[in-house]
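What's counted below: heavy atoms across the whole structure, side chains too, no hydrogens, waters or symmetry copies.
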Amino acid sequence: MNKPVKPEDVLADGQEYAEFGGVSVRKGSVAAFVGNVQALAEVEPGSAQWTEIVDQMRELKPALERIGVLGVFEIRDPEVRALVEGL
């Protein structure tokens with residue numbers, strides 16, 4: 001029988017990382033990715049700041065894929081969704 005999953009089942013108190021299928025996922029990765037998606041709306045595409053944000057999203061994407069976030073949630077903005085799919 002499936003049970004509800006609690007945060008502490010995934011990452012124990014005091015633990016900063018967990019490994020999922022060989023990928024180390026740091027605590028805060030989901031919030032960082034969301035923050036970067038939101039930040040894209042406030043910077044000029046192609047600017048140095050935009051590139052930094054996209055580079056960080058590229059770095060975070062494997063972790064989000066491994067834990068299943070990108071498999072169960074869809075990015076609403078079609079341009080950002082296409083960008084993330086292409087990372």
Side-chain angles (χ1 to χ4, degrees):
M1 175 175 12
N2 290 332
K3 301 182 338 181
V5 179
K6 300 175 187 174
E8 58 270 21
D9 295 336
V10 178
L11 196 65
D13 288 339
Q15 190 177 355
E16 298 293 320
Y17 294 87
E19 192 166 308
F20 296 86
V23 174
S24 183
V25 180
R26 188 183 192 291
K27 175 175 64 176
S29 295
V30 174
F33 192 85
V34 169
N36 285 313
V37 168
Q38 293 170 333
L40 278 180
E42 300 176 17
V43 298
E44 185 68 32
S47 68
Q49 192 175 16
W50 185 89
T51 299
E52 286 182 56
I53 293 167
V54 171
D55 287 345
Q56 183 59 46
M57 291 170 62
R58 183 178 292 110
E59 191 174 311
L60 290 166
K61 184 180 176 184
L64 272 67
E65 288 176 322
R66 185 58 68 182
I67 62 175
V69 170
L70 298 177
V72 298
F73 296 108
E74 181 176 88
I75 297 171
R76 289 183 184 176
D77 183 311
E79 290 179 20
V80 176
R81 185 172 51 247
L83 172 71
V84 171
E85 289 172 356
L87 294 179

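- Inter-residue side-chain proximity for Ile67 and Val30 is flagged as met; some heavy-atom pair is nearer than 4.5 Å.
- A donor-acceptor pair is defined here as one N or O able to donate and one able to accept, closer than 3.5 Å; no such pair exists between the side chain of Arg58 and the backbone of Leu87.
- Counting only heavy atoms from C-beta outward, the side chains of Val34 and Gln38 approach each other to under 4.5 Å.
- Expressed to the nearest 0.5 Å, how far CD of Glu79 lies from CZ of Arg81 amounts to 10.5 Å.
- By the salt bridge (charged side-chain N to carboxylate O under 4.0 Å, His left out) test, Glu65 pairs with Lys61, sequence neighbours left out.
- Within the structure, every pair that satisfies the side chain to side chain donor-acceptor pair (under 3.5 Å) test and touches residues 11-20, not counting sequence neighbours, is listed here: Glu16-Lys27.
- By the 4.5 Å heavy-atom criterion applied to side chains, Leu40 and Leu83 are counted as neighbours.
- Shown here for Ala63 and Val23, the closest heavy-atom pair between the two residues is CA-CG1, 4.1 Å.
- Under the 4.5 Å side-chain criterion, counting only non-hydrogen atoms from C-beta, Leu64 is not in contact with Phe73.
- The closest side-chain heavy-atom distance from Val69 to Phe33 is not below 4.5 Å.
- For the residue pair Thr51 and Gly46, the shortest heavy atom distance occurs at OG1-O, 4.2 Å.
- For the residue pair Pro4 and Asp9, the shortest heavy atom distance occurs at O-OD2, 3.9 Å.
- Taken from OG in Ser24 to CZ in Arg66, the straight-line distance is 12.0 Å, to the nearest 0.5 Å.
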